S.K.: 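Here it is: the structure, laid out below.
Computed from a predicted model, the values in this text were never measured in an experiment. Numbered from 1 within each chain, the chains take letters A, B, ... in sequence-line order. Atoms considered below: every heavy atom in the structure, side chains included; atoms not considered: hydrogens, waters and symmetry mates.
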Protein chains: 2
Amino acid sequence: MFSKACEYGIRASIYIGQQSADQGRRVGLRDIAAEIDSPEAFTAKVLQLLVRAGLVTSVKGPTGGFELTAEQLRTVTLRQIVLAIDGGEMLQGCALGLRQCSAQQPCPLHYQFLAIRDQLNEVLRTHTVGELAGKVHDGLGFLRQFS
Amino acid sequence: MFSKACEYGIRASIYIGQQSADQGRRVGLRDIAAEIDSPEAFTAKVLQLLVRAGLVTSVKGPTGGFELTAEQLRTVTLRQIVLAIDGGEMLQGCALGLRQCSAQQPCPLHYQFLAIRDQLNEVLRTHTVGELAGKVHDGLGFLRQFS
DNA sequence: CAAATACCGGATAAATTTATCCGGTAATCA
DNA sequence: TGATTACCGGATAAATTTATCCGGTATTTG
Ligand code: FES
Ligand code: FES
């Protein structure tokens with residue numbers, strides 16, 4: 001569904017958000033990669049994308065790390081994260097790979113997939129990172145599996 | 001959403017199906033690639049997968065080519081094609097990349113994505129290649145764009 | 001100011017996906 | 001039967017994605 005980069009980006013954001021919401025704790029790359037079970041260096045690349053896009057905040061030096069401001073927690077949606085990392089392909093592209101998805105020359109699955117894509121867009125648009133962080137905090141969702 | 005290979009496979013199947021339904025016309029690789037706007041050699045690889053999976057029929061030699069039998073037209077679903085080419089990742093995997101999607105240790109988006117994935121599975125399961133071929137035949141759907 | 005910490009950014013490498021090439025085999029037809 | 005046609009299958013190459021490495025810069029702390 002999403003690229004690995006995007007999966008890591010979403011999981012990382014939620015983890016950072018969870019720690020930020022919990023008494024503004026700032027978190028380093030090592031922690032993040034361990035908690036979401038992702039390759040450290042690659043996760044760093046993805047986070048740089050999100051920082052540049054203004055969706056995550058980073059602080060250098062000792063006591064530095066990544067965090068989400070109160071505003072970011074409240075306003076950043078999954079859709080923004082997906083767009084920043086994977087672009088709009090999954091959110092707007094044709095399911096059968098036609099150069100553009102439109103009702104002018106629709107693929108034979110256009111209308112059926114439109115329903116699915118709309119629902120996906122809706123889910124991503126209406127869920128903030130802060131909200132999902134809360135779910136993880138409450139033990140209702142996990143960012144890695146312990147097997 | 002799907003891999004390029006899968007997109008080509010679906011489009012090719014539908015085109016073959018359309019020609020087969022239309023007085024059992026058999027079609028060659030060259031035609032297929034031209035009609036669905038895909039690279040010829042790569043499309044051949046994908047079609048070989050589908051032939052081996054029994055979802056498409058091929059005939060060698062002059063007057064040979066690809067076709068869908070009446071039964072294939074009636075029974076082969078998009079879901080079978082997607083599974084044969086891309087496997088079950090998109091149809092069963094976790095949206096956030098957890099090693100397995102389950103309610104035991106669900107990711108924070110599990111239930112929202114379950115709804116979307118179920119709908120996707122339903123669409124793929126309930127649409128046969130023959131049905132979509134009919135749509136293309138009636139000018140209600142396209143397998144390439146003419147710009 | 002000096003040392004340690006942690007993100008930044010570019011270069012590089014490995015893995016996977018996408019795409020191409022070409023000789024082999026089966027089938028048709030003259 | 002011989003020539004042509006068209007799919008088959010393995011090898012190879014290009015492109016993209018995923019992953020790693022390392023020196024640079026900013027920041028804190030003593
Ligand atoms: S044209 Fe294919 S999904 Fe819209
Ligand atoms: S656990 Fe993530 S979608 Fe089910």
Side-chain angles (χ1 to χ4, degrees), chain A residues 1-13 15-16 19-20 25-34 36-68 82 84-87 89-90 93 96-97, chain B residues 1-13 15-16 19-20 25-34 36-68 82 84-87 89-90 93 96-97:
Chain A
M1 177 125 249
F2 302 120
S3 67
K4 287 289 175 194
C6 196
E7 292 174 355
Y8 299 152
I10 295 174
R11 302 217 303 272
S13 303
Y15 175 65
I16 296 168
Q19 296 301 310
S20 287
R25 208 178 303 155
R26 205 173 274 162
V27 52
L29 197 51
R30 196 180 317 273
D31 274 351
I32 297 172
I36 72 173
D37 189 26
S38 70
E40 198 173 312
F42 190 55
T43 305
K45 292 294 184 205
V46 177
L47 282 174
Q48 283 175 44
L49 273 181
L50 297 180
V51 168
R52 266 175 266 169
L55 306 177
V56 169
T57 302
S58 71
V59 179
K60 284 186 173 180
T63 79
F66 297 90
E67 67 183 355
L68 263 61
V82 170
I85 300 173
D86 276 356
E89 188 59 28
M90 164 74 59
L96 266 47
Chain B
M1 178 125 251
F2 302 121
S3 68
K4 287 289 175 195
C6 197
E7 292 174 354
Y8 299 152
I10 295 174
R11 301 217 303 273
S13 303
Y15 174 65
I16 296 168
Q19 297 300 311
S20 287
R25 208 179 303 156
R26 208 173 271 164
V27 296
L29 197 49
R30 195 179 319 270
D31 273 351
I32 296 172
I36 72 172
D37 189 27
S38 70
E40 198 173 313
F42 189 55
T43 305
K45 292 295 185 206
V46 177
L47 282 174
Q48 282 175 43
L49 273 181
L50 297 181
V51 168
R52 267 176 267 170
L55 306 177
V56 169
T57 302
S58 70
V59 179
K60 285 186 175 179
T63 79
F66 297 90
E67 67 183 356
L68 264 60
V82 170
I85 300 173
D86 277 356
E89 188 60 28
M90 164 74 58
L96 266 47

S.K.: Return the 5'-most residue of the pair A:Phe2, B:Arg52 with respect to DNA chain D, ranking by each residue's nearest nucleotide.
M.R.: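 First, find each residue's nearest nucleotide; the 5'-ward one identifies B:Arg52.
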S.K.: How far apart are the C-alpha atoms of B:Val59 and B:Glu67, what are their side-chain angles, what is the distance that settles it, and do they pass the side-chain contact (heavy atoms from CB on, under 4.5 Å) test?
M.R.: CA-CA 8 Å; B:Val59 179; B:Glu67 67 183 356; 4.1 Å; yes
S.K.: Taking CD from B:Glu67 and P from D:dA6, how many angstroms apart are they, rounded to a whole number?
M.R.: 15 Å
S.K.: On DNA chain D, nearest-nucleotide positions of B:Arg30 versus B:Gln48: which is more 5'?
M.R.: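 Closer to the 5' end of DNA chain D: B:Arg30.
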S.K.: Rounding to a whole Å, what distance do you find between A:Ile85:CD1 and D:dT17:P?
M.R.: 13 Å
S.K.: Please report, rounded to the nearest Å, how far the P atom of D:dC7 is from the CZ atom of B:Arg26.
M.R.: 10 Å
S.K.: Atom CG of B:Leu50 and atom C1' of D:dC7: how far apart are they, to the nearest Å?
M.R.: 14 Å
S.K.: Name all pairs fulfilling the salt bridge (charged side-chain N to carboxylate O under 4.0 Å, His left out) condition that reach into residues 45-65 of chain A, sequence neighbours left out, sorted by first residue then second.
M.R.: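 Qualifying pairs: none.
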S.K.: Show me the donor-acceptor pairs within less than 3.5 Å that the side chains of residues 2-11 of chain B make with the rest of the protein, sequence neighbours left out.
M.R.:
residue: B:Ser3; atom: OG; partner: B:Cys6; partner atom: N; Å: 3.1
residue: B:Ser3; atom: OG; partner: B:Asp86; partner atom: OD1; Å: 2.6
residue: B:Ser3; atom: OG; partner: B:Asp86; partner atom: OD2; Å: 3.4
residue: B:Arg11; atom: NE; partner: B:Ile36; partner atom: O; Å: 3.3
residue: B:Arg11; atom: NE; partner: B:Leu143; partner atom: O; Å: 3.1
residue: B:Arg11; atom: NH1; partner: A:Leu96; partner atom: O; Å: 2.5
residue: B:Arg11; atom: NH2; partner: B:Ile36; partner atom: O; Å: 2.6
residue: B:Arg11; atom: NH2; partner: B:Asp37; partner atom: O; Å: 3.4

S.K.: Using atom CZ of B:Phe66 as one end and atom C1' of D:dC8 as the other, report the distance to the nearest whole Å.
M.R.: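 So the CZ-C1' distance, B:Phe66 to D:dC8, works out to 9 Å.
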S.K.: Go through it in stages, so that I can follow the logic: the residues are A:Ile32 and A:Leu47, the test is side-chain contact (heavy atoms from CB on, under 4.5 Å), and I'd like the CA-CA distance, side-chain angles, deciding distance and then a yes or no.
M.R.: CA-CA 10 Å; A:Ile32 297 172; A:Leu47 282 174; 3.9 Å; yes
S.K.: Once each nucleotide of nucleotides 19-28 of chain C is scored for protein heavy atoms under 4.0 Å, what B/S/- sequence comes out, 5' to 3'?
M.R.: BB----BBBB
S.K.: Using a heavy-atom cut-off of 4.0 Å across all strands, would you classify B:Leu29 as base, sugar-phosphate, or nothing?
M.R.: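 B:Leu29: backbone/sugar contact only, no base atoms under 4.0 Å.
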S.K.: Would you indicate whether A:Glu89, at its atom CD, is surrounded by more than 12 heavy atoms from other residues, nucleotides or ligands within a distance under 6.0 Å?
M.R.: no
S.K.: Tell me if a side-chain donor or acceptor on A:Arg26 pairs with a main-chain N or O of A:Thr63 at a distance below 3.5 Å.
M.R.: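 Looks like yes, one N/O pair under 3.5 Å.
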